[in-house]
A.B. asks: 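The structure's right below; bear with me while I get my questions together.
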Protein chains: 2
Amino acid sequence: MKIKCCDSSLDENKAKDLLSNSGLNRTKMKVTILLELSSAKTPLSVADIYQELGDESCDKSTVFRTINQFKEKGLVREINLGEDFNRYEIINPDHEHSHHHHHVRCRECGDIKLIEKCDLSPFEKMISKLGYKKMEHYLEFTGICSKCA
Amino acid sequence: MKIKCCDSSLDENKAKDLLSNSGLNRTKMKVTILLELSSAKTPLSVADIYQELGDESCDKSTVFRTINQFKEKGLVREINLGEDFNRYEIINPDHEHSHHHHHVRCRECGDIKLIEKCDLSPFEKMISKLGYKKMEHYLEFTGICSKCA
DNA sequence: CGATAACTGCAAGTAAGTTGCAGTTAAGCC
DNA sequence: GGCTTAACTGCAACTTACTTGCAGTTATCG
């Protein structure tokens with residue numbers, strides 16, 4: 001099992017705590033997936049996750065089910081970067097992926113970078129005036145990166 | 001910020017002209033699909049399109065192929081509103097869907113409204129500084145509308 | 001330790017979107 | 001109008017992301 005715990009702010013114990021606090025069982029599989037998401041430099045697809053596990057692989061249905069649980073419990077957020085599958089990234093107060101942000105994806109090489117800043121409050125204020133509540137927004141960028149230009 | 005409802009600005013002859021100008025054959029099927037997209041109040045999914053045709057139905061593969069041609073020729077734009085399928089709306093200089101805009105979708109009833117205004121130039125400037133060219137952005141809102149609140 | 005609920009692997013199933021092929025239709029030229 | 005060719009269409013089979021039912025396993029908690 002290859003889990004890169006380099007600069008990750010999540011270790012096995014913290015992962016287990018997160019699971020317990022979310023009412024999920026602290027199984028080996030759930031911990032593994034959570035750590036993999038935590039140490040990833042970019043949002044991962046479900047295929048990324050179960051291919052990464054290699055020998056100790058688990059079934060893709062398990063990954064899908066686990067990810068959906070994480071999503072329901074607010075441990076991960078789902079994003080779509082214009083590919084034909086979704087990606088997931090961890091939400092953890094101690095983690096750099098946790099705060100609200102967006103992404104740029106290179107349409108050539110597929111490389112994904114984080115965009116830290118986001119102020120769409122003027123938009124949301126105006127939409128609120130139309131009677132909408134509980135606004136959420138979804139914003140992603142694509143472009144051609146400097147390597148591919 | 002303005003939300004408009006749509007009135008179709010496309011009739012059969014204009015549709016045929018659009019097809020010819022795009023280098024596509026003026027077939028009954030292509031005209032029909034173009035008119036249906038033109039008169040739609042919200043972006044349509046491919047399933048919407050071929051179910052709407054009813055008796056005069058055509059194969060879903062035809063709709064997919066046609067929509068892809070329209071997309072390549074710049075006649076329609078593809079959008080994803082957080083559902084598990086794409087939607088398409090017409091781009092026509094005479095048509096109010098033609099200019100760049102976004103949408104709010106009610107997470108309860110699924111109703112979709114247009115958002116006219118969009119100024120993300122500060123974001124795009126910032127990203128340009130990272131070396132990205134040919135920026136595109138994708139922005140959609142969801143919320144709970146006044147009827148469903 | 002034992003009961004129960006949550007979890008997992010497997011295989012089979014959905015549904016969006018694609019593709020190969022053979023028959024049909026539109027475009028262009030005479 | 002008729003002819004040729006390329007574009008188009010319907011059908012069926014396929015691909016792929018994601019889901020589901022079931023039976024066996026594992027975690028939790030008393």
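Convention: sequence-line order gives letters A, B, ...; per-chain numbering from 1. Side-chain atoms are counted along with the backbone in the values below, which use heavy atoms only and exclude waters and symmetry mates.
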A.B. asks: Step by step, would you call B/Ile112 with B/Lys41 a side-chain contact (heavy atoms from CB on, under 4.5 Å)?
C.D. replies: CA-CA 9 Å; B/Ile112 296 164; B/Lys41 295 182 186 66; over 6 Å; no
A.B. asks: Let me know the distance between CD1 of B/Ile49 and P of D/dT9, rounded to the nearest Å.
C.D. replies: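 Rounded to the whole Å, the gap is 13 Å.
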A.B. asks: Run through A/Val63, A/Thr32, A/Thr66 and flag the one making a side-chain contact (heavy atoms from CB on, under 4.5 Å) with A/Ile49.
C.D. replies: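 Option passing the side-chain contact (heavy atoms from CB on, under 4.5 Å) with A/Ile49: A/Val63.
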A.B. asks: Anything under 3.5 Å between a protein N or O and an N or O of nucleotides 24-30 of chain C, put it in a table, one pair a line.
C.D. replies:
| residue | atom | partner | partner atom | Å |
| --- | --- | --- | --- | --- |
| C/dA27 | OP1 | B/Arg26 | N | 3.3 |

A.B. asks: Give a yes or no on whether A/Val46 and A/Phe85 share a hydrophobic cluster (residues Ile, Leu, Val, Met, Phe, Trp, Tyr; joining criterion: side-chain heavy atoms under 4.5 Å apart).
C.D. replies: no
A.B. asks: To the nearest Å, give me how far apart CZ (A/Phe85) and C1' (C/dA15) are.
C.D. replies: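 Rounded to the whole Å, the gap is 18 Å.
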A.B. asks: What is the distance, rounded to the nearest whole Å, between atom CD of A/Glu72 and atom C1' of C/dC7?
C.D. replies: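 Whole-Å distance recorded here is 14 Å.
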A.B. asks: Does the D/dG10 base have a donor-acceptor partner in the side chain of B/Arg65 within less than 3.5 Å?
C.D. replies: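 Yes, the side chain and the base share a sub-3.5 Å donor-acceptor pair.
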A.B. asks: Provide, to the nearest angstrom, the distance between the CD1 atom belonging to B/Ile67 and the P atom belonging to D/dC8.
C.D. replies: 14 Å
A.B. asks: Shortest non-hydrogen contact from A/Leu53 to A/Cys58?
C.D. replies: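 So the two residues come closest at CD1-SG, 3.8 Å.
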A.B. asks: Do B/Asp111 and B/Lys147 sit within salt-bridge range, that is, some charged N less than 4.0 Å from a carboxylate O?
C.D. replies: no
A.B. asks: Within the structure shown, what part of the strands sits under 4.0 Å from A/Lys30 by heavy-atom distance: base, sugar-phosphate, or nothing?
C.D. replies: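 Since only primed, P, OP1 and OP2 atoms lie under 4.0 Å of A/Lys30, the category is sugar-phosphate.
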A.B. asks: From the list D/dA12, D/dT9, C/dC10, which nucleotide is the closest neighbour of the side chain of A/Asp59?
C.D. replies: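 For A/Asp59, the side-chain atoms sit closest to C/dC10.
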A.B. asks: Is there a side-chain contact between A/His102 and A/Tyr138, using heavy atoms and a 4.5 Å cut-off?
C.D. replies: no
A.B. asks: Using a cut-off of 4.0 Å on non-hydrogen atoms, how would the nucleic acid contact of A/Thr66 be classed: base, sugar-phosphate, or nothing?
C.D. replies: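 Touches sugar-phosphate only.
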A.B. asks: In whole angstroms, how far is the C1' atom of D/dA7 from the NZ atom of B/Lys16?
C.D. replies: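 Distance check: B/Lys16 NZ to D/dA7 C1' gives 17 Å.
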A.B. asks: How many whole angstroms separate atom CG of A/Leu19 from atom P of D/dT26?
C.D. replies: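 Atom-to-atom, A/Leu19 to D/dT26, this comes out as 18 Å.
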A.B. asks: Can you give me the closest heavy-atom contact between A/Asp48 and A/Pro43, atom names plus distance?
C.D. replies: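 Heavy atoms only, the tightest pair is OD2-O, 4.4 Å.
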A.B. asks: Is a donor from one side chain sitting under 3.5 angstrom from an acceptor on the other, for A/Thr142 and A/Arg107?
C.D. replies: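 The criterion, which ignores hydrogens and geometry beyond distance, is satisfied for A/Arg107 and A/Thr142.
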A.B. asks: Between A/Glu89 and A/Arg77, is there a salt bridge with N-O shorter than 4.0 Å?
C.D. replies: yes
A.B. asks: Is A/Gln69 near enough to C/dC7 that one of its side-chain N or O atoms lies under 4.0 angstrom from OP1 or OP2?
C.D. replies: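 Checking C/dC7 against A/Gln69, a side-chain N or O does come within under 4.0 Å of OP1 or OP2.
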A.B. asks: When you get a sec, tell me which of C/dG17, C/dA11, D/dC18 is the closest nucleotide to the side chain of B/Phe64?
C.D. replies: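 The nucleotide sitting nearest to the side chain is C/dG17.
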A.B. asks: It should be established whether B/Asn68 places a side-chain nitrogen or oxygen under 4.0 Å from OP1 or OP2 of nucleotide C/dT18.
C.D. replies: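 Answer is yes, contact under 4.0 Å.
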A.B. asks: The helix from C/dC1-D/dG30 to C/dC30-D/dG1: angle between its terminal axes, five pairs each, to 10°?
C.D. replies: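 What I find for the helix from C/dC1-D/dG30 to C/dC30-D/dG1 is an axis angle of 40°.
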A.B. asks: Whole angstroms only, please: what is the OH-P distance between B/Tyr50 and D/dT9?
C.D. replies: 16 Å
A.B. asks: Applying the 4.5 Å side-chain criterion to the ILVMFWY set and letting contacts propagate, would B/Leu81 and B/Ile144 be lumped into a single cluster?
C.D. replies: no
A.B. asks: Could you state the CG-C1' distance from B/Asp48 to C/dG17, rounded to the nearest angstrom?
C.D. replies: 15 Å
